[in-house]
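Okay, so here's the structure we're looking at.
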Amino acid sequence: MIDIRLIRENPELVRENIKKKFQNEKIPLVDEAMRLDKANRAAINEASELRARRNQLSKKIGILMGQAKKDPTKAEEAEKVKAEVKADGERLAELEELEGKCKAELRAVMLKIPQIIDPSVPIGPDDSHNVEVQRFGEPKVPEYEVPYHTELMERFGGIDLDSAREVAGSGFYYLIGDVARLHEAVLAYARDFMIGKGFTYMIPPYMMHGAIVEGVMSQSDMDAMMYKIEGEDLYLIGTSEHSMIGRYIDRIIPAETLPHTLTSYSPCFRKEKGSHGLEERGVYRIHQFEKQEMIVVCRPEDSMDWYEKMWRYSVELFRSMDIPVRQLECCSGDLADLKVKSCDIEAWSPRQKKYFEVCSCSNLGDAQARRLNIRFKDADGKITLAHTLNNTVAAPPRMLIALLENNLLEDGSVRIPEVLRPYMGGKDKLEKAKAV
RNA sequence: GCGGAAGUACCCAAGUGGCCGAAGGGGCUCCCCUGCUAAGGGAGUAGACGUCUAAACCGCGUGCGAGGGUUCAAAUCCCUCCUUCCGCGCCA
């Protein structure tokens, strides 16, 4: 969401930005926004004049009513003034309705106009134009065969999808034994890794009210992703970002506490409406998974530095588990409307011989903050919109795929990266285990 | 979940329809006095948002937990919801 003042002052810049994002159909929205903004302000002005008049006259009535106790003629006078105020009532009600309508329509339009992207963002219409920026680690393909991840997990007696389907449907899993333990080990390690970077660990609510959901996501995302609790005003979170950022709605943060660098754990629940390809079987795309996330709320001038730091943390984390990764920058057309700049960290899959997404790092600039009214206040009293960023630290079910594939040994066992061993009771290998 | 009480500015708190954007106190900021560790006097102290403006000040509008309603007029009356506290119940 951009500042309406930017449209008032520099509509051409906003149109150019829309073109860069290959959303030409949205260009008329700029004029639409200007029109609504103008109508809105006209209504506000007329309505507040009427209100001012009403306030004045009402005060006068009050005085007359007081005097009427001694002088009955004043009561008549008061009645006259009452009639006067009442006469304006209809017009005022009309204007108030108009005001509400314009405001709502304007917001709807503004929500569709994309955030101004960073000049460094590569221009391209869709994800095929995303740009590989850099690789970290050697993407190796072993001589021996690398099986599908579910098969690997089954080898260690670590997964039961059949029962999960029966109990909860497709898109759920039972993780078992060492695989389940490894899953938690990754989370615990990721948590401690971020704490080591100075982030504050947080466990947020896993459910939230509809009003917060509407604040943190678009209606279409909401329909496609969110599970609602029947009969209650509660939704299951799709990522801890939802309740972590929701925490800041309508807040004025004391500037001296910035930046807020947080790392949150939560289960995530997603409907995942849409097609599931062959490569999305197993634990790749599921309705329930767990994730360690990083969230930064900072001053505008610091957000690009944080963006750089954040994606590098992901790279460092994955490299410490011997997983080759690359940084893939989102091009303009693939960049979500709220984002100023974003990149994915993709892990190497020796089986598919390609990289796949494991982390998504985004700088939302002030777009999310404007939408949710997240501001900070300096010592001199100046209030400014904050910048917000988020990035995945680790989402184990999916990243377990990369972990297993990249650490698979020729004998069919999986080496446990050293950093995870303390969380695995010192174990250094996953070995064949019987199913339970 | 049931019953009871409450929600007013940084904090405490008065205020049951009209000179109330809100008494009083504490705290904080500034000034004065006095000086020896604490006391006296005075002034200031909604923030925020919208609008107006080139911008700011000013003005105007909104604002007393949130949202509706009644009324010429709502902190005050009515309805719904939320939160907190105290009992009881239930429960990891």
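Just so it is clear, the model here is predicted, and its values are computed rather than measured. Heavy-atom basis, side chains included; hydrogens, waters and symmetry copies ignored. Each chain gets a letter, A, B and so on, in the order the sequences are listed, and its residues count up from 1.
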Practice task
Specify whether A/Tyr284 and A/Phe356 have parallel, tilted or perpendicular ring planes, treating 30° as the upper limit for parallel and 60° as the lower limit for perpendicular.
Solution key: tilted

Handout entry: Inter-nucleotide P distance (B/C11, B/C64), Å rounded
Key = 16 Å

Problem - Distance between P atoms of B/C82 and B/U16 (Å, rounded) - result: 28 Å

Completion exercise
Separation of B/U51 atom C1' from A/Asp37 atom CG, nearest Å, is 11 Å

Completion exercise
Those residues at least two apart in sequence (or on a different chain) that pass salt bridge (Lys or Arg N to Asp or Glu O under 4.0 Å) with A/Asp366 are A/Arg370

Handout entry: Interatomic distance, A/Glu99 CD vs B/U51 P [rounded to whole Å]
Key = 11 Å

Exercise for the section: Using the C1' atoms only, state how far B/G4 lies from B/A9, rounded to an integer number of Å. Expected result: 28 Å

Fill in the blank from the handout: Ordered by number, residues from residues 364-372 of chain A within less than 4.0 Å of RNA chain B (heavy atoms) are none

Handout entry: Same-atom distance (C1') from B/A75 to B/G63, integer angstrom
Key = 11 Å

Exercise for the section: Rounded to the nearest 0.5 Å, what's the gap from CZ on A/Arg191 to CD on A/Glu184? Could you check? Expected result: 9.5 Å

Practice task
Sequence neighbours left out, what passes salt bridge (Lys or Arg N to Asp or Glu O under 4.0 Å) with A/Asp223? Give chain and number order.
Solution key: none

Problem - Separation of the C1' atoms in B/A54 and B/C32, to the nearest angstrom - result: 42 Å

Problem - A/Arg91/A/Glu49 salt bridge by N-O under 4.0 Å criterion - result: no

Practice task
Using a 4.0 Å cut-off on protein heavy atoms (strictly under), produce a 5'-to-3' string for nucleotides 53-82 of chain B with B for base contact, S for backbone-only sugar-phosphate contact, and - for none.
Solution key: -------SSS---------BS---------

Practice task
Using the side chain to side chain donor-acceptor pair (under 3.5 Å) rule, collect all pairs that involve residues 167-182 of chain A, keeping only residues at least two apart or in two chains.
Solution key: A/Asp178-A/Lys427

Exercise for the section: Assert yes or no for the condition that the ring centre distance of A/His209 to A/Tyr235 is strictly below 6.0 Å. Expected result: no

Practice task
In plain terms, say whether A/Glu316 and A/Arg319 are close enough for a salt bridge, that is, a side-chain N and a carboxylate O under 4.0 Å apart.
Solution key: no

Exercise for the section: Give a yes or no on whether a salt bridge exists between A/Lys26 and A/Asp337, defined as a side-chain N under 4.0 angstrom from a carboxylate O. Expected result: yes

Fill in the blank from the handout: In whole angstroms, the gap separating P of B/A48 from CZ of A/Arg251 amounts to 18 Å

Problem - Structure string for RNA chain B in dot-bracket form, Watson-Crick and G-U at under 3.5 Å, | interchain - result: ((((((((.[[[..)..(.....]]]((((((.......))))))..((((.......))))..[[[[[..)....]]]]])))))))....

Problem - Inter-nucleotide P distance (B/A74, B/G67), Å rounded - result: 15 Å

Handout entry: Whether A/Phe172 and A/His287 hold their rings parallel, tilted or perpendicular, with breakpoints at 30° and 60°
Key = tilted

Handout entry: Distance, P atom - from B/G59 to B/U76, rounded to whole angstrom
Key = 26 Å

Problem - Nearest-nucleotide comparison on RNA chain B, the residue closer to the 5′ end among A/Lys59 and A/Lys377 - result: A/Lys59

Problem - Atom-pair distance (CD on A/Glu96; C1' on B/G50), nearest Å - result: 14 Å

Problem - Minimum side-chain heavy-atom gap A/Glu290-A/Cys268 below 4.5 Å - result: no

Practice task
Between B/G44 and B/A22, how far apart are the P atoms? Round to whole Å, please.
Solution key: 13 Å

Problem - From NZ (A/Lys112) to CD1 (A/Ile18), nearest 0.5 Å - result: 12.0 Å

